[in-house]
Every structure is written in C-alpha cells, then in structure tokens.
Amino acid sequence: MLFAEPGARWRSVAYGPVLCAIVLVLELATGAQPHWFALIFCGSAIGGFVALQVVAGQRHVSVELTPEHLRQGTEIVPLPTIAAVLPERDEDDWDDLDWESARALGELHGVPRRRTGIGLKLRDGALVQAWARNHRGLRAALETAVADAAAESAPPDSTGKPAVPAEPGESAARGATAPGTVPADDDREDGVRR
C-alpha cells in the first residue's frame with residue numbers, strides 16, 4: 001500500500017454514546033433524577049446514524065493507492081492508464097486549469113468536501129481529478145507510482161531491462177554515440193579500434 005485514507009473511522013461512532021454516558025454520570029453525581037430512557041435512546045440513535053455515515057464514508061470517500069491501481073471510492077483506475085500527474089494549481093493565478101473542471105474520480109458528483117483535487121492525464125488524453133484529504137501526500141505517492149508504472153511498461157532494451165529515457169547529456173556519459181561519430185573513449189585515427 002503506497003497511500004491510504006479510510007474516508008471515515010469507526011471510533012467516531014462512540015462519540016455520541018460517550019457524551020450521553022458523561023451526562024448520565026453528571027446527573028448521578030449531582031443527585032438529579034437520571035434520564036435513563038432519553039440518554040440510552042439518544043446514545044443509541046446517534047451511534048446508529050454515525051455508523052451509517054462511517055459505512056458510506058468508507059465506501060465512497062476512501063482512497064487507496066497500490067503499485068497496480070488507484071482506488072477512489074468505488075472507482076478503480078489501473079496505474080498504467082495514467083499518463084501524468086498534472087501540476088498543482090498556483091494560488092496566485094486567477095485562471096482555472098483545464099483539469100479543475102474535469103470529472104472527479106469515484107461515483108460522487110464532484111470532489112468530496114474537505115478534499116482537494118489532483119489533476120491526472122490519462123493515456124487516452126482524458127483529464128480527471130483524483131482527490132484526497134492529504135492531497136500533497138497522494139500527489140507525491142502518485143508521481144512516484146506513475147513513474148514506476150511507466151518504467152515497467154517501457155519496452156526492454158538490449159539487456160532485457162526496461163528502457164529508461166535518458167536525461168539530456170546522459171547518453172555521452174553512457175558511451176552511446178550517434179551514427180558516424182567516434183566514441184570519446186576510442187583511440188582512433190584511422191578508424192581501427194585499438
């Protein structure tokens with residue numbers, strides 16, 4: 001697992017019943033008449049409603065990134081289909097970026113509340129928005145995972161390893177030469193290697 005956000009946590013189900021238990025303890029400590037039925041009913045009702053929200057949150061706003069796929073809610077995107085992670089929006093720029101109006105991944109209408117969108121370009125040219133609460137953490141993990149997936153899907157070179165695009169000036173350091181040129185480590189005057 002490269003990155004994960006659960007969407008909602010089960011511990012939040014206990015907040016309502018714990019609050020009702022505190023009120024009950026205060027009523028007993030002060031000698032007031034305890035409201036047994038009301039506090040038990042309220043604690044159970046609040047816990048039940050929050051449990052439904054946790055189930056929905058874990059199903060619809062959870063995020064999972066593995067070396068094979070990105071899952072946003074119930075939608076799964078295989079990493080090899082992602083061509084690039086687009087740059088973050090500049091806060092000083094007034095213009096919207098193209099990916100900001102793109103479809104958000106998942107089955108929700110848009111980017112969920114309290115989450116921030118991340119622009120992705122797919123291999124078919126489509127733009128989409130990934131999203132997370134910790135968007136910088138997801139962006140860093142996505143950039144690494146997409147680069148790794150691209151390197152794995154690259155055709156192998158002559159040694160059988162995946163070809164990695166060379167940085168400018170790197171080919172000379174590796175000893176590769178353009179056709180018709182003499183390698184730098186060659187000691188040739190007459191065209192014969194010595």
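Keep in mind it's a predicted model, so treat the numbers as computed, not measured. For this chain, numbers begin at 1 and follow the sequence in order.
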If Ile, Leu, Val, Met, Phe, Trp and Tyr residues are connected whenever their side-chain heavy atoms lie under 4.5 Å apart, and connections chain through other members, are Leu86 and Val63 in the same group? no
Let me check something: any side-chain donor-acceptor pairs from residues 6-19 under 3.5 Å, sequence neighbours excluded? List them with distances.
| unit_1 | atom_1 | unit_2 | atom_2 | d |
| --- | --- | --- | --- | --- |
| Trp10 | NE1 | Gln58 | OE1 | 3.4 |
| Ser12 | OG | Arg9 | O | 2.7 |

Given the rule that I, L, V, M, F, W and Y join up when any side-chain heavy atoms are under 4.5 Å apart, are Trp36 and Val23 in one cluster? yes
Starting at CG of Leu120, measure out to CG of Leu105 and round the result to the nearest 0.5 Å. 6.5 Å
Kindly say whether Arg113 contributes a backbone atom to a donor-acceptor pair with the side chain of Arg115 at under 3.5 angstrom? yes
Can you give each donor-acceptor pair under 3.5 Å made by side-chain atoms of residues 70-85, sequence neighbours left out, with the distance rounded to 0.1 Å?
| unit_1 | atom_1 | unit_2 | atom_2 | d |
| --- | --- | --- | --- | --- |
| Arg71 | NH1 | Ser62 | OG | 2.8 |
| Arg71 | NH1 | Gly73 | O | 2.7 |
| Arg71 | NH2 | Ser62 | OG | 3.4 |
| Gln72 | OE1 | Trp131 | N | 2.7 |
| Gln72 | NE2 | Trp131 | O | 3.0 |
| Thr74 | OG1 | Glu107 | OE1 | 2.5 |
| Glu75 | OE1 | Arg103 | NH1 | 3.1 |
| Glu75 | OE1 | Gly106 | N | 2.7 |
| Glu75 | OE2 | Arg103 | NH2 | 3.0 |
| Thr81 | OG1 | Pro78 | O | 2.6 |

With rounding to the nearest 0.5 Å, note down the distance linking CZ in Arg136 to CD in Glu88. 4.5 Å
At what distance, to the nearest 0.5 angstrom, does CZ of Arg139 lie from CG of Asn134? 11.5 Å
Can any side-chain N or O of Gln129 pair as donor or acceptor with the backbone N or O of Ala102 at less than 3.5 Å? yes
Nearest atoms (heavy-atom pairs only) where Pro112 meets Leu108: CG-CD1, 3.7 Å
Looking at Arg123, I'd like to know if its CZ atom is crowded, meaning that more than 12 non-hydrogen atoms belonging to other residues, nucleotides or ligands lie closer than 6.0 Å. yes
For residues Trp99 and Val146: do they belong to one hydrophobic cluster (side chain heavy atoms under 4.5 Å, members Ile, Leu, Val, Met, Phe, Trp, Tyr)? no
What pair of heavy atoms forms the shortest contact from Leu2 to Ala141, and how long is it? O-CB, 4.2 Å
Nearest heavy-atom contact between Arg89 and Glu100 is CD-OE2, 2.6 Å
Measure the CG-CD distance between Leu138 and Glu143 for me, rounded to the nearest 0.5 Å. 10.0 Å
Counting only N and O atoms by type, is there a donor-acceptor contact under 3.5 Å from the side chain of Glu5 to the main-chain atoms of Ala132? no
Do Leu28 and Leu39 sit in one hydrophobic cluster, given that two such residues count as connected whenever their side-chain heavy atoms are within less than 4.5 Å of each other, even indirectly? yes
Could you state whether Ile22 and Val50 fall into the same hydrophobic cluster, counting links through intermediate Ile, Leu, Val, Met, Phe, Trp or Tyr residues with side-chain heavy atoms under 4.5 angstrom apart? no
